[in-house]
Amino acid sequence: MPVTADTLALVAAARAAVDDILDATTRTLTGAWVTAWDGLALDLLLALDELLATLAGGGWPSRARIARAARLQEALEAAARALEELTARVRSETATGARGAVQTGLSAQPGIIASQMPPGLNRAALLSQLTRWSERDLAAIVARTTERITSLTRPLSADAEAAMRRELVRGVAVGANPVDAARAMLARLEGAFNGGLTRAVTIARTEMLDAHRQAAQAGQDANASVLSGWIWSAAMARTTCPACWAMHGTVHRLEEPGPQGHPQCRCARTPAVRPWRELGIDMDDPPSVIPDAQATFRSMSRDDQLAVMGPGRLATLDRGDIAWADLAQRRDNPDWRPSYVPTPVGQLTR
Ligand SMILES: [Zn+2]
């Protein structure tokens, strides 16, 4: 596993390239939601004012009263149409983003593999021998991702609309000034409308990242003869979850998909070149430079350690009651792939 400093730099560069794609998609979707809401807010507010103006005291209108408020129902239908359009936008933007993420994942592999070969070898010659990615691999992964996103986003608009309607029925306190109540309700409706955005962003980011990792896998499969497996590579930052910290540096078989992290997990799949002697090169491997997760964690400030682990988990770890690997557990998910998630503190301190 002759991972070199070049390897780490290339893995970091690929991670940064994918982050840029994810952030651009997130910004575009957020902007689309803000614009759509701006187009709806005034009509909704006027409809709410109208509804509340007809009240002769006595609290929030009944469900039946809301259902009969024609102007409000029209505004809600406009919101439902806007959510449908936004869902279509999520699908197209995520497909574009996935294409970029797949391209990055495929094109990075030969360089990362070559960076683990002896320095004396002619890198350019070596790169030319490694199998490059094909347009067909790319198209296949993008197509699968697009299909998944289409199915995952299917309930999105109806659910956000239903959440808005639930807020309306639940109501807000109506005080002396009904205009204040209308504004308070508008804020609730905005929250429900933006729930669709939160969900869309999670789906988009998770699926683009998975597409990127599938591409890395395809790029590694194409050069399987020189690889012994892949290494789970976490960013090891303050925002990296305990499970990904624990999984960092673990080596997996090439056939195994992954890294199968939690939703939006940004961990990378780093190819591990076979020991040089197995490749017929009469040299010892240099020591691997993959940073050790525990040592990296212990070198962070106490504040950062707490931010990662939380107090209970960190105390258990400090006492030596658990092993580093106990921090992650594999979970099977009914509607999704399996994922490695942080072991609940309750199970650690058992
Ligand atoms: Zn992760």
Side-chain angles (χ1 to χ4, degrees), residues 3 7-8 10-23 25-26 94 97-98 101-102 104-105 108-109 112 145 148 152 198 201-217 219-220 229-254 256-272 290-300 304-310 313-314 317 322-333 336-345 347-348:
V3 168
T7 314
L8 298 185
L10 290 166
V11 170
R15 185 194 301 282
V18 175
D19 277 350
D20 284 348
I21 294 169
L22 299 183
D23 290 345
T25 307
T26 304
T94 311
V102 168
T104 306
Q109 301 312 312
I112 296 174
T145 302
R148 279 187 52 76
L152 289 169
T198 308
V201 166
T202 302
I203 293 170
R205 294 181 75 101
T206 303
E207 295 306 316
M208 288 189 287
L209 282 159
D210 267 10
H212 173 71
R213 288 188 281 240
Q214 284 165 25
Q217 182 169 10
Q220 290 163 17
W230 60 270
I231 308 157
W232 187 305
S233 307
M236 293 198 287
R238 190 183 153 94
T239 49
T240 305
C241 84
C244 294
W245 272 98
M247 294 307 290
H248 174 84
T250 55
V251 183
H252 304 258
R253 289 174 307 116
L254 267 194
E256 190 185 322
Q260 295 190 314
H262 48 85
Q264 301 200 47
C265 161
R266 291 160 61 246
C267 292
R269 177 190 176 98
T270 303
I290 297 177
D292 178 71
Q294 271 194 83
T296 306
F297 181 75
R298 286 301 173 194
S299 71
M300 292 203 306
D304 285 351
Q305 291 182 2
L306 267 171
V308 172
M309 298 291 169
R313 192 176 278 114
L314 187 57
L317 201 58
I322 54 161
W324 186 249
D326 295 337
L327 291 169
Q329 63 177 211
R330 187 178 184 275
R331 191 171 67 189
D332 287 312
N333 300 295
W336 194 45
R337 61 165 170 74
S339 62
Y340 286 85
V341 295
T343 309
V345 180
Q347 286 181 34
L348 287 171

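Here the structure is a predicted model, which is why all the values come from computation and not from measurement. One-based numbering, in listed order, for ligands and for the atoms of each.
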Undergrad: May I ask you to decide if Arg269's main-chain N or O and Gln220's side chain share a donor-acceptor pair within less than 3.5 Å?
TA: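 Yes.
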Undergrad: Are Asp326 and Thr343 close enough that a side-chain donor and a side-chain acceptor fall under 3.5 Å?
TA: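 No pair is found: no donor N or O on one side chain lies under 3.5 Å from an acceptor on the other.
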Undergrad: Got a donor-acceptor contact below 3.5 angstrom from the Arg313 side chain to the Pro344 backbone?
TA: no
Undergrad: Using a strict threshold of under 4.0 Å (side-chain N to carboxylate O), is an ion pair present between Arg148 and Asp210?
TA: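 The answer is no: the pair does not qualify as a salt bridge.
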Undergrad: In this structure, are over 12 heavy atoms from other groups packed under 6.0 Å from Arg238 atom CZ?
TA: yes
Undergrad: Are there any protein N/O/S atoms under 2.8 Å from the Zn ion (ligand 1), and if so, which?
TA: Cys244 SG, Cys265 SG, Cys267 SG
Undergrad: Tell me whether Arg205 is salt-bridged to Asp19, with the criterion being a basic N under 4.0 Å from an acidic carboxylate O.
TA: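 Between Asp19 and Arg205 there is no salt bridge, as every charged N stays at least 4.0 Å from the carboxylate O atoms.
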